[in-house]
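Only this structure's heavy atoms are used, side chains among them; waters, hydrogens and symmetry mates stay out. Position 1 is the first residue of the sequence, and the numbers go up from there.
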Amino acid sequence: MMPGQIEVCVQIFSPGSIPVPVSVDFTTQPGTAMAPMDYVALPVPNMVTFPAGSVTGTSRCVDITIINDNVLEMNGENFFVDITTSGNAVVSPGRDRATIIFAETNDLIVCNFDPTNGPTVVEDDTTVEVCIICNSNSLSPSSSITLQVISSGGSATGKAGLDYNAVTGNPPLVFTAGNTRQCVDVTILEDPIVENPETIILVAVPGAALPPGVSIGPGTTVTIQDDDALPIRIVPPPTDVPEGGGPALVCVEVVSGQLASGVTAVVNLATRGGSANAPADYTSVSMALTYNSGNTGNMLCISIPIEDDNVCENSETIFVDLTSTDPNAITVPPTSTSVTITDNDVAQVALTNADPNEFADGAYIVTECADEGFYFDISITNSVIKGPGVSCEISVETESGTAGSSCDYVTLDATCILDSSNSDCEFHIEILDDFTAEMTEYFFISLTSNDPTRCNIANDNITIRVIDDEDCDDEDVCGAFEMCEELRCPRNFTCRPIGPDIGDDPHFAVTLESGKTLCYTVQGEHGFAFNLISNQKVYMNAMFVPDRDREEVTWLGNMGIVVNNNGYKKSNMTKLRFEAIKNKIHVDDQMVLDARNIEKITIQNGKLTISEAPPMEGYKQPFVRVDLKDVELSFSVKFMTEHLDLYWHSTGQNLADSHGLIGQFFHHDVVLDEVRKILMIPGKEPVPIQRKPVWAFMEREAMDSSNYCWVAMNPGFQGEGLIDGTYFDYLVDDVLSTEFKFKKL
C-alpha cells in the first residue's frame with residue numbers, strides 16, 4: 001500500500017477448504033466524502049478471487065487512494081465500500097458494507113513566525129520587519145484568522161527613548177485563504193549607552209476567536225546589536241615637567257556617552273620616544289586603562305617616571321599615543337600628545353687645574369719671578385653638556401687690584417665656550433718681574449656667564465696674590481710684610497714709594513672699635529659731592545674742593561647734613577649746610593649762622609638747639625661740635641681757610657645699619673694688625689697700613705697717642721680694596737641729597 005491509500009480486505013470463513021473458486025466484487029459508494037475530490041473510486045467491477053482450496057482466514061484486499069484536497073472540513077468525512085459475491089458464496093449478514101472515515105489531520109492550520117527575517121538588528125534608529133506565516137490556503141473562503149503580535153520581555157526595554165517602541169498588537173494581522181504571510185514593524189531606538197546585545201521576545205496571540213484547526217507556534221526573539229562606542233581622548237599635560245620634579249601624568253577623558261552596568265571600555269596609553277630617550281631620560285610606560293559605568297566622569301592617567309640625568313641639555317620631548325582594540329571604545333582627537341622635559345641642571349663653572357696651585361686665605365699664590373706665570377683651566381665641575389646649541393659662554397678677564405696690568409701682569413680678556421665637544425678651556429697669565437721691592441700685591445680674575453641660569457660661576461672673582469721676589473732692607477720705607485719668602489730671584493733693585501702722597505692731612509679719619517684711628521684718602525676730583533654716612537635717620541655728604549697751590553690735591557669743602565626727625569617736626573627734616581670759605585652754617589635754607597659764633601649744634605627729637613661760643617681772641621679757625629642725639633653721633637667740624645676737617649667723638653648702635661665712605665666702618669668687623677701692618681676687613685684682601693703723624697689732628701679730641709693715625713696705603717687708590725666698591729659709587733648730586741647718584745649701593 002502506498003502512502004495516501006487505505007486498504008480494505010475480506011476473509012473466508014468456512015468449516016474447511018472451499019471446493020470451488022469464490023469471487024468477491026468491491027464497489028465504493030459516496031458518503032460525506034465525494035469521489036474524485038476526496039478519494040478515487042474503485043473501477044467497476046473490481047473483483048478479487050479466492051481459489052479452490054482456500055481455507056478460513058484467507059483474505060483478499062483492495063487499495064483505495066485518499067485525496068488531500070487542502071480544504072479544512074470541520075468534522076471529518078466518510079464514504080462506503082460494498083462487497084458482493086458469486087452464487088457459490090454468501091456474505092455474512094451485516095458485513096457487506098464498510099464505512100471509511102478519515103480525519104482532517106493534514107489540513108490543520110499552524111501560524112509561525114518567519115525565521116528568515118528579523119532575528120538580529122543593529123541599533124541605529126530603524127525598524128525591523130517581523131512576519132508570521134499561516135498555511136491558510138486551506139481556509140474556506142468564509143473563514144479568517146486574526147492574530148496580534150506583542151512584545152513579551154527580553155533584556156531590551158520597550159519604552160520610548162530607550163531600546164525600542166513596545167509592540168502592542170495594533171494593527172492586528174488578518175489571514176484569509178490565499179493570504180499566508182503578514183508582517184509588523186518593530187521600531188529600534190538609538191541610545192548613547194554602550195551596552196551588551198539586548199533581546200526582544202515577540203509572541204502572537206489571537207486577536208479574535210480562532211477557527212477550529214488553527215494553532216499558533218512559539219514566539220520569536222529579536223537581538224539588538226549595540227552600535228555605540230565610548231569616545232575617549234587624551235588630555236594634554238597642562239605644564240612642562242622639570243627633571244627631578246616627579247613623574248609626568250598623562251590622562252584620558254570620556255568625551256560623551258555612558259556605559260551600561262557590567263560593560264567596560266578599554267584604551268591603552270603608551271610612551272614613544274621623541275628627543276628624549278628611555279631609560280636615560282624617562283621610563284617607558286604602556287598601560288591599559290579601563291572605564292566602567294561608575295568612572296566615566298573621571299580622568300584615567302598613567303605616570304611616567306622622569307629621570308634626573310645630571311646633563312645640561314635642551315628641553316626634550318616624550319610622545320604618548322592613545323590606541324584601542326576594544327569595540328566598546330573609540331579614540332577621538334587628540335590621540336597623541338607630547339610631554340616636555342625641561343632641564344634642571346645648572347653647570348657649575350670654576351677655575352680648575354691651577355698651576356701653581358698654592359691656595360691660602362682665599363687666594364692663589366704666585367711668585368713674581370715665576371718663569372711660566374699662572375696657568376689655569378675653566379671647567380664644568382658637576383655635569384656634562386649635551387645637545388646642539390647648549391653651551392656655556394664664559395668671559396674671562398683680569399682686573400687690577402694693588403697689582404697693575406702694565407707692570408705686574410699681562411692683561412687677559414678672553415672667552416671660553418664649553419659645550420658637548422669642549423669640556424674645558426686653558427689659559428695663561430704672564431706674571432711680570434718689576435725688579436722693585438714692594439709688598440705682596442694682588443689682582444683678580446673675573447668670570448662672567450652669559451646665562452647664569454644655565455651656567456653658574458662657582459667663584460666669579462678669583463684673587464691672585466703676587467709675592468714680591470726682591471729684598472728690602474728698609475721695612476719702614478717699603479712696608480713689606482711678606483718679604484721673607486724663600487721663593488725669590490735676588491737682583492739689584494730700587495725701592496719704589498708705597499701708597500699715595502697724602503701730605504699731612506688725609507680726607508677721612510675713622511675711630512675703629514679698637515680705639516685706633518684709621519685714615520685714608522681717595523683721589524677724587526674737585527666739585528664732586530659724595531656720601532659720608534647714610535641710613536634711615538641721617539644723611540651726611542661732603543664735596544671735594546681743590547688745593548690752592550696743587551691742582552691734583554683735593555680737600556673736603558662744603559658739607560651737608562639731613563636729619564630725618566621721624567615726624568617730630570612739621571617739615572620732617574632738618575638740613576644743615578657748612579661752607580668752609582665763608583665760615584657759614586645754613587639751617588633749613590632759612591637761617592644762616594656765622595660759625596665763629598657757634599660752639600655746638602644739638603638735634604634731638606626734632607628740636608634744634610644752638611649754643612653760642614664765647615668771643616674769640618685773635619684769629620682762630622671756628623670749631624663747631626655737632627651732636628645728633630637720636631642717632632648717637634657726635635663730631636666736630638673745623639673750618640680751615642679753604643676746607644673742612646672732621647673729628648669724630650662717638651658713634652652709637654643706632655648707626656649699625658649705616659653705609660657711606662665713613663658710615664660703613666661703624667659696623668664692619670675691622671681688625672688693625674699693628675705687627676704685620678695690615679688692615680683686615682671681612683671679604684677683602686688685607687690692606688697695607690703705616691702709622692704716620694698727621695698735624696691736622698693736633699686739636700682732635702679722640703686721637704691716637706702722639707697724634708698718629710694708621711694710614712691706608714694703596715697706589716692709585718680709588719677706594720677699592722678698602723671700601724665697598726669705589727668712591728664713584730658714593731657720588732650724590734649735592735651735599736643735601738638723600739639719594740646716590742648712580743644708585744649702586
Side-chain angles (χ1 to χ4, degrees), residues 1-112 134-145 175-178 180 206 208-217:
M1 182 178 66
M2 300 294 290
Q5 292 182 330
I6 185 170
E7 187 178 58
V8 180
C9 299
V10 295
Q11 288 181 335
I12 293 177
F13 293 95
S14 174
S17 61
I18 60 175
V20 293
V22 175
S23 296
V24 179
D25 186 16
F26 286 85
T27 60
T28 53
Q29 301 296 329
T32 57
M34 303 294 291
M37 288 78 72
D38 299 315
Y39 65 94
V40 177
L42 293 175
V44 178
N46 187 37
M47 303 292 290
V48 296
T49 300
F50 293 93
S54 297
V55 297
T56 297
T58 302
S59 63
R60 293 287 186 271
C61 301
V62 296
D63 292 329
I64 303 172
T65 299
I66 305 300
I67 303 301
N68 184 3
D69 58 5
N70 292 321
V71 176
L72 178 63
E73 290 88 3
M74 296 298 100
N75 298 314
E77 296 180 298
N78 61 69
F79 65 94
F80 306 104
V81 179
D82 294 335
I83 57 174
T84 58
T85 64
S86 58
N88 53 358
V90 295
V91 178
S92 296
R95 304 292 297 273
D96 58 349
R97 170 170 281 191
T99 301
I100 307 301
I101 301 172
F102 51 92
E104 289 286 336
T105 56
N106 63 331
D107 288 325
L108 293 178
I109 298 175
V110 179
C111 296
N112 284 308
C134 294
N135 55 334
S136 55
N137 285 334
S138 59
L139 277 176
S140 65
S142 61
S143 298
S144 65
I145 302 171
F175 298 84
T176 59
T180 62
L210 296 177
V214 177
S215 63
I216 301 173

- [ ] Apply the side chain to side chain contact (heavy atoms under 4.5 Å, CB included) test between Ser215 and each candidate in Leu210, Asn112, Ile109, Val110; give the one that qualifies.
- [x]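 With Ser215 as partner, side chain to side chain contact (heavy atoms under 4.5 Å, CB included) holds for just one option, Val110.
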Separation between [atom1] of [X] and [atom2] of [Y], rounded to the nearest 0.5 Å:
X	Y	atom1	atom2	answer
Gln5	Asp63	CD	CG	4.5 Å
Ile145	Cys134	CD1	SG	5.0 Å
Phe50	Ser17	CZ	OG	14.0 Å
Thr56	Ile12	OG1	CD1	7.5 Å

Minimum heavy-atom distance between [X] and [Y], given as atom pair plus value:
X	Y	answer
Pro211	Ser144	CG-O, 3.2 Å
Pro51	Arg60	CD-NH2, 3.4 Å
Gln11	Gly57	NE2-O, 3.8 Å

Report yes if some heavy atom in the side chain of [X] is under 4.5 Å from a heavy atom in the side chain of [Y]; otherwise report no.
X	Y	answer
Asp96	Asp82	no
Val20	Ile18	no
Ile67	Pro36	no
Asp25	Asn46	yes
Phe175	Thr180	no
Thr27	Val81	no
Tyr39	Ile100	no
Phe79	Gln29	no

Open item on the list: The test is side chain to side chain contact (heavy atoms under 4.5 Å, CB included); show your working for Ile64 and Val40 and say whether it passes.
Closed with: CA-CA 6 Å; Ile64 303 172; Val40 177; 5.7 Å; no
Task: side chain to side chain contact (heavy atoms under 4.5 Å, CB included) assessment of Asp38 paired with Ile66 - done: CA-CA 6 Å; Asp38 299 315; Ile66 305 300; over 6 Å; no
- [ ] Decide whether Ser23 and Thr49 meet the rule of one side-chain donor and one side-chain acceptor closer than 3.5 Å.
- [x]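 Side-chain D/A pair, Ser23 to Thr49: present.
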TODO: Please indicate whether Arg95 has more than 12 foreign heavy atoms, meaning atoms of other residues, nucleotides or ligands, lying under 6.0 Å from its CZ.
DONE: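 Atom CZ in Arg95 is not crowded, with 12 or fewer foreign heavy atoms closer than 6.0 Å.
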Task: Under 3.5 Å: donor-acceptor pair, side chain of Thr28, backbone of Leu42 - done: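 At least one qualifying donor-acceptor pair exists.
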Task: Steps toward side chain to side chain contact (heavy atoms under 4.5 Å, CB included) verdict (Val91, Ile83) - done: CA-CA 8 Å; Val91 178; Ile83 57 174; 4.1 Å; yes
